[in-house]
There are 2 protein chains.
Amino acid sequence: MKRGVTIGQAAEFVGVTVKAVRHYHKLGLLPEPQRDSSGYRRYGSGDLLRLVQIRTLAAAGVSLAEIGPLLDADTTRFAATLADVERQLTERIADLTARRDTLHRLADGDRTLLPDRAVALLKRMRGLGFPAEEVAATREAWVLARALVPDGFDDYLTHFEYAVSDPHLLELTRRAAEAATWEPGDPRIDELATAVADHYLADPALLSTVTGLRARNQAATRYRLIAHHGEQPTPAAARLTALFETRLRSAGVVIP
Amino acid sequence: MKRGVTIGQAAEFVGVTVKAVRHYHKLGLLPEPQRDSSGYRRYGSGDLLRLVQIRTLAAAGVSLAEIGPLLDADTTRFAATLADVERQLTERIADLTARRDTLHRLADGDRTLLPDRAVALLKRMRGLGFPAEEVAATREAWVLARALVPDGFDDYLTHFEYAVSDPHLLELTRRAAEAATWEPGDPRIDELATAVADHYLADPALLSTVTGLRARNQAATRYRLIAHHGEQPTPAAARLTALFETRLRSAGVVIP
DNA sequence: CTTGAGGTTGACCCAAGGTCAGGGTGGACG
DNA sequence: CGTCCACCCTGACCTTGGGTCAACCTCAAG
């Protein structure tokens, strides 16, 4: 009878696959045992013991790369390393937990990708009779804005809340939405742009909903992306925006 | 000025590496944007929006493979999938927590790889004057035994606890340890083997510390591995063991 | 003698990118 | 005008902990 067990037996005893055992050999974690006359590996009790130790540590979350040195280290370093590994595990757990919470908020109805305040504002827009597509476009723009200019987003929301509670502005905005369907040459566009611009200029708090996202690094590019998102602008809408911005600029407002 | 931002800007805005963006293209997660005259990718606001959505989901723990379908799915499936992902995350958290606890017990002083009862027993052995190497060898044998025959290990410990509280047996065991240094032909070996065997035979509960690990699948091989671990046996010790086993067998005890 | 189970090596696969190699572009500076 | 540097392009190989497949060899039993 040949002494020592085959790889299959060793693997089964310890509760691991044959492939895993060979993997440990390749990593130098487990020394290659002697071979019998036909080239089969033959494992003795010492090998099995080592294998058990490897599995115990691996099951506890120690990476294979760390196990080798660990098993050969003295008690002090052994304990220290284990403590370190434990810390890493704790970190990963915290990370995963945070992810799960994010996910939970994400999955929870409509508050997809936006904070509660923003969701509430969008709802209010719908309640005020804004067309569904415009609300949807606004939502997208906000998602973008929050990602691109996170620091300014809260302020922006605050100002937007203020703007929404202004009946005159609401009326103007509603007309601006209609305007997208007008002829680009329609003289009412000019008139409307002036009216809106004047209203903004008359109220510094309101004005900052426009300028609030400015004044950061790479501001111009980011602003353009946000401001012109979702447009495929009709010529009339484009003209309205252009006139509006021109008028603000000529009044000394800095728009990127 | 060319419209759209370059991949580096897009990546920076969204807080991701250039390589990651290209990776998303390769996975079909993010459609390839238009190229400018020099072949550079140029990203518009829609692309950025998509990128933000991808990052949001990925950061929440959704795998990239799932994100594609997810972003194109309707609200119902979106919510369902997210719930599923959340469940998986919860599972992984539980798993990691279990690992950390295992690790914690492992790191906690000497109870490395063995349950508390076993550690206590080993300590008691040391207290009873067993030489350090023998305690160490026993510890290794137990680690092996627990892994190879987990079901029988608790019973085995119980019996061992009983055996340790038997003064006569302790004395015999101590002499057996000495015996390893005797000449293989020493007649005292014969005598000692008989005495030990008789003592075991006289007490069925004690006998089961030997037989307890038997009676399982592949029992013989496993038993051999455990029993003969750490030996590099001196001729005298081997002879003692052989005589002991022979005597038990001839008394009708089944030893693998 | 054949057959089936189990052994041997080697190569490729997964997720989510990182890193390196070799080469093209664009803008700033001397 | 040349040069530099930062940025872009593609493509290929690396990571973890093994799983899976292929092609071949060996052992024990019928």
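Note that the structure is predicted; figures quoted are calculated from it, not measured. Just so it is clear: chains get the letters A, B, ... in the order the sequence lines come, proteins before strands, and each one is counted from 1.
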Encode nucleotides 8-14 of chain C as B, S and - characters from 5' to 3', where the letter depends on protein heavy atoms closer than 4.0 Å: B to the base, S only to sugar-phosphate, - to neither.
BB-B---
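Residues meeting the side-chain contact (heavy atoms from CB on, under 4.5 Å) test with A:Gln34, sequence neighbours left out: none. Listed by chain and residue number, nothing satisfies the salt bridge (Lys or Arg N to Asp or Glu O under 4.0 Å) test with A:Arg146 (two or more places apart in sequence, or in another chain). Not counting sequence neighbours, A:Glu133 has no partner by the salt bridge (Lys or Arg N to Asp or Glu O under 4.0 Å) test. Qualifying salt bridge (Lys or Arg N to Asp or Glu O under 4.0 Å) partners for A:Asp101, counting only residues two or more places apart in sequence or in other chains: none. With sequence neighbours excluded, the residues that form a side-chain contact (heavy atoms from CB on, under 4.5 Å) with A:Arg117 are A:Asp154, A:Leu157, A:Thr158, A:Glu161. With sequence neighbours excluded, the residues that form a side-chain contact (heavy atoms from CB on, under 4.5 Å) with A:Arg100 are A:Thr97, B:Glu86, B:Leu89, B:Thr90, B:Ile93.
Ring pair B:Tyr43/B:His25: centre-to-centre distance below 6.0 Å.
Following rounding to the nearest Å, A:Asp36 (CG) and D:dT26 (P) show an atom-to-atom distance of 11 Å. As rounded to whole Å, 9 Å separates atom P of D:dT16 from atom NE2 of A:His23. Rounded to an integer number of Å, the gap from A:His25 NE2 to C:dG7 C1' is 13 Å. The distance from atom CD of A:Gln9 to atom P of C:dG6 is 10 Å, rounded to the nearest whole Å.
The stretch residues 80-101 of chain A participates, sequence neighbours left out, in no ring pair (Phe, Tyr, Trp, His ring centres under 6.0 Å) pair at all.
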Stepwise, does the side chain to side chain contact (heavy atoms under 4.5 Å, CB included) test hold for A:Phe13 with A:Leu48?
CA-CA 9 Å; A:Phe13 291 174; A:Leu48 277 269; 4.3 Å; yes
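Of the side-chain N and O atoms in B:Tyr24, one or more sit less than 4.0 angstrom from OP1 or OP2 of C:dG17. Look at B:Ser63 and you won't find any side-chain N or O under 4.0 angstrom from OP1 or OP2 of C:dA15. For the OP1/OP2 pair of D:dC8 and a distance below 4.0 Å, the side-chain nitrogens and oxygens of B:Thr6 include at least one atom meeting the criterion.
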Side chains of residues 56-67 of chain A: which donor-acceptor partners sit under 3.5 Å, not counting sequence neighbours?
| residue | atom | partner | partner atom | Å |
| --- | --- | --- | --- | --- |
| A:Thr56 | OG1 | A:Val52 | O | 2.8 |
| A:Ser63 | OG | A:Glu66 | N | 3.4 |
| A:Ser63 | OG | A:Glu66 | OE1 | 3.0 |
| A:Glu66 | OE1 | A:Ser63 | N | 3.4 |

Please list every donor-acceptor pair under 3.5 Å in which a side-chain atom of residues 17-24 of chain A meets a protein atom from a residue at least two apart or in another chain.
| residue | atom | partner | partner atom | Å |
| --- | --- | --- | --- | --- |
| A:Thr17 | OG1 | A:Ala20 | N | 3.0 |
| A:Tyr24 | OH | A:Arg55 | NH1 | 2.8 |

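Contact check of residues 46-58 of chain B against DNA chain D (heavy atom, cut-off under 4.0 Å) returns no residues at all.
Summary of helix geometry: the two end axes of the helix from C:dC1-D:dG30 to C:dG30-D:dC1, each defined by five base pairs via their C1' atoms, are inclined to each other by 30° (rounded to 10°).
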